[in-house]
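Report on one structure; see the data block that follows.
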Amino acid sequence: MKNQELARIFGEIAEYLEMEGVRFKPYAYQKAALTLAALQEDVGEVYRRSGLKGLRAIPGVGESIASKIEEYLTSGKIAYYEEFKRKLPIDLDAIIRVEGMGPKKAKVLYEKLGVTTLEELEEAARSHKIAPLFGFGDKTEENILEAIEFLKRSTGRFLLGEILPIAQGVLAKLEALPEVTTVSTAGSLRRMKETIGDVDFLAISAEPAKVMDFFVSLPGVVKVWGKGGTKASVRLQQGLDMDLRVIPAQSYGAALQYFTGSKEHNIALRKIALDQGLKLSEYGLFKGSEAVAATSEEEVYHALGLPYIPPELREDRGEIAAARAGRLPALIGYQDIRGDLHVHSDWDGGANSLAEIAAAGQRLGYEYIGIADHTKFLKIERGLDEEALLARNLEIDRLNRSFEKAGLSFRLLKGCEANIMADGAIDIVDEVLAQLDFVIAGIHSHFKMNREQMTARLVTAMQNPHVDIISHPTGRIIKRRDEYAIDLETILTVARDTGTVLEINSYPERLDLNDLNIRRAKEMGIRMVISTDAHQIDQLNLMIYGLGQARRGWAEKADIINAWSVTDLLQSLKKPAAGQL
DNA sequence: GCCGTTTTCGGCCCGACTGTTTTCAGTCG
């Protein structure tokens with residue numbers, strides 16, 4: 001699938017055009033890049049099916065970009081892009097990551113000083129060659145060096161799962177201040193993106209100065225970047241930056257909308273405003289100088305003729321068109337989960353007993369928890385063999401009887417997370433699989449197989465009538481390991497045809513399926529399960545991260561089997577074919 | 001270069017900040 005490669009190339013072309021000072025074209029290429037990056041279908045498939053005409057039907061793709069896509073698909077290169085790279089052989093990607101450096105400055109530094117890499121940029125600044133240039137100065141040179149230092153130290157974006165607990169702690173402290181009327185997070189955190197750059201807070205307060213003082217002296221603050229009357233910016237010892245803005249109550253909604261983003265969503269909204277003779281900014285929606293809407297987000301959306309759009313959808317991935325057409329999904333809610341189907345007990349490498357897990361599940365208000373212990377191939381996790389699985393089942397039966405006797409509407413379900421071997425076989429015999437309420441199967445070995453083999457391996461597993469769920473289907477570990485080489489279209493098609501459920505794994509490093517894949521699966525009518533993969537009961541709380549991704553993937557209750565009652569859930573799983581038992 | 005429930009030509013997102021300039025370009029979010 002070439003979508004991401006093409007998106008990257010068009011994004012770079014946009015930067016090159018920006019360098020040349022070309023007007024408007026960069027915007028067009030940028031838009032095409034964003035559309036391609038978010039496109040569900042393989043662009044090559046679109047081309048094979050409907051040719052240039054099909055490509056041009058993609059929003060933001062016209063005659064010129066369509067022919068460039070064609071050129072790339074047929075020859076592997078785009079001459080227009082190669083020409084730019086030849087003329088301006090700059091590592092743009094690296095250089096514009098330096099705060100304050102953009103394409104224009106990069107071009108000047110290349111032409112005057114021959115700077116093409118981050119190292120050369122640093123060298124030029126250190127030897128004071130930049131300050132004397134026209135349009136630059138001492139301060140710019142200093143800032144470049146500081147920004148490069150920051151880049152070297154920073155680890156890039158943080159996992160949502162690392163940041164949300166920290167942000168919730170700060171939020172609670174701000175909420176507790178008597179001077180604070182209202183406070184909320186904004187930005188990518190509020191949209192539940194899988195990784196977060198920095199954290200934004202917005203607050204209403206009659207005494208902003210006191211709130212600022214409190215914010216910059218929070219425990220864990222190691223540096224105050226800036227502190228003014230209504231805005232402060234700090235760094236925490238974890239290396240994370242946080243911003244706080246105090247907003248007047250009358251424009252809080254417009255500010256919350258604005259600072260929640262995404263940028264692309266906001267741009268699209270402002271266009272709608274313009275079409276209606278209105279102007280949208282962080283201060284409100286204006287007709288001339290009169291504010292039409294500003295105090296709440298709902299008001300802003302309604303004044304634009306749209307229903308409220310939940311933050312998780314605000315990525316300019318079609319949510320505005322859906323809102324206009326009255327076809328926004330009724331997203332699964334954070335309270336809709338009725339159980340967790342992927343929990344490891346101390347029968348395998350997990351930390352807690354079945355009774356402890358059941359008690360934790362009841363505290364969460366769950367109706368069921370599925371015990372999905374590892375199976376025998378996974379020695380390192382003390383995976384269970386057939387005999388151990390059956391013994392564990394007896395204990396689950398015993399516990400369930402005691403819950404029933406106590407009048408509790410809670411039960412443990414008997415499952416396992418079996419291993420999909422290199423040939424697609426499952427490491428537990430069918431007779432035992434058939435005695436479980438559900439079977440999850442996942443890949444835990446041989447990660448480096450080629451695309452055909454890996455796809456065939458998963459297809460074989462899904463065709464097994466005992467396999468109900470595939471865990472962490474793509475295998476990616478954020479910032480550490482890429483997806484397995486798989487043909488996801490084939491996987492999705494077979495999942496649909498065999499009625500196999502795909503997991504949305506809530507581990508912050510996994511979030512697998514991710515938001516875009518969840519959306520593709522949903523559109524194909526594939527059912528999913530949001531699971532924590534908890535190895536200790538504290539991790540049952542990871543559910544929120546999977547839920548966030550499910551919402552970002554437009555999932556509704558009907559798409560997520562553990563938002564259903566235990567009866568509906570069990571009925572929806574595959575039945576072993578007759579004669580297989 | 002793309003696009004059109006006003007448009008096939010004339011538009012294309014907004015405001016603030018910074019550092020450099022004597023009125024503004026570049027960058028950022």
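To find a chain, count down the sequence lines: A is the first, B the second, and so on, and within it residues start at 1. As a basis for the values below, the full set of heavy atoms in this structure was taken, side chains included, without hydrogen atoms, waters or symmetry mates.
Nucleotide B:dT8 is matched to nothing when pairs are restricted to Watson-Crick or G-U wobble geometry with both distances under 3.5 angstrom.
Note on A:S64: a side-chain N or O is less than 4.0 Å away from OP1 or OP2 of B:dG1. Residue A:Y258 has no polar side-chain atom (N or O) positioned under 4.0 Å from OP1 or OP2 of B:dA16. Contact annotation: A:N266 side-chain N/O to B:dG29 OP1/OP2 distance is not under 4.0 Å. Contact between the side-chain N/O atoms of A:T140 and the OP1/OP2 oxygens of B:dT20 is found at a separation under 4.0 Å.
At the heavy-atom level, A:K279 lies under 4.0 Å from the strands shown only through sugar-phosphate atoms. Across all strands, A:P103 comes closer than 4.0 Å only to sugar-phosphate atoms, never to a base (heavy-atom distances). A:D275 comes within 4.0 angstrom of a nucleotide base, judged by non-hydrogen atoms across all strands. Here A:I267 lies in heavy-atom contact (under 4.0 Å) with a base. A:K105 comes within 4.0 angstrom of the backbone, heavy atoms only, and of no base.
Across the protein-nucleic acid pair, A:L280 atom CG and B:dG15 atom P stand 9 Å apart, rounded to whole Å. Rounding to whole angstrom units, NZ of residue A:K263 and P of B:dC28 are separated by 10 Å. The distance from atom OH of A:Y283 to atom P of B:dC14 is 15 Å, rounded to the nearest whole Å. What separates CG of A:L285 from C1' of B:dC14 is a distance of 13 Å, to the nearest Å. Atoms CD1 (A:I95) and P (B:dC28) sit 13 Å apart, rounded to a whole Å. Straight-line distance from the CD atom of A:E142 to the P atom of B:dT20: 9 Å, rounded to whole Å. Between the C1' atom of B:dG1 and the CZ atom of A:F10 lies a distance of 11 Å, rounded to the nearest Å. Atom NZ in A:K271 sits roughly 10 Å away from atom P in B:dC3 (whole-Å rounding).
Cation-pi contact between A:K68 and A:Y80: present, with separation from the ring centre below 6.0 Å and deviation from the ring axis of at most 45°.
Side chains of A:S233 and A:D243: a donor-acceptor N/O pair is present below 3.5 angstrom, by distance only. In this model, no donor atom of one side chain and acceptor atom of the other lie less than 3.5 Å apart for A:S75 and A:E71.
Partner A:D515 forms a salt bridge (charged side-chain N to carboxylate O under 4.0 Å, His left out) with one of A:K193, A:R551, A:R317 and no other, that one being A:R317.
Contact annotation: side chain of A:Y27 to base of B:dG1, donor-acceptor pair absent below 3.5 Å.
Between A:Y16 and A:F84, the two ring planes are parallel [angle under 30°; tilted spans 30° to 60°].
Only the C1' atoms considered, B:dG11 is 13 Å distant from B:dT6, to the nearest whole Å.
Classified by its glycosidic torsion, B:dT21 falls in the anti category, the angle being over 90° from 0.
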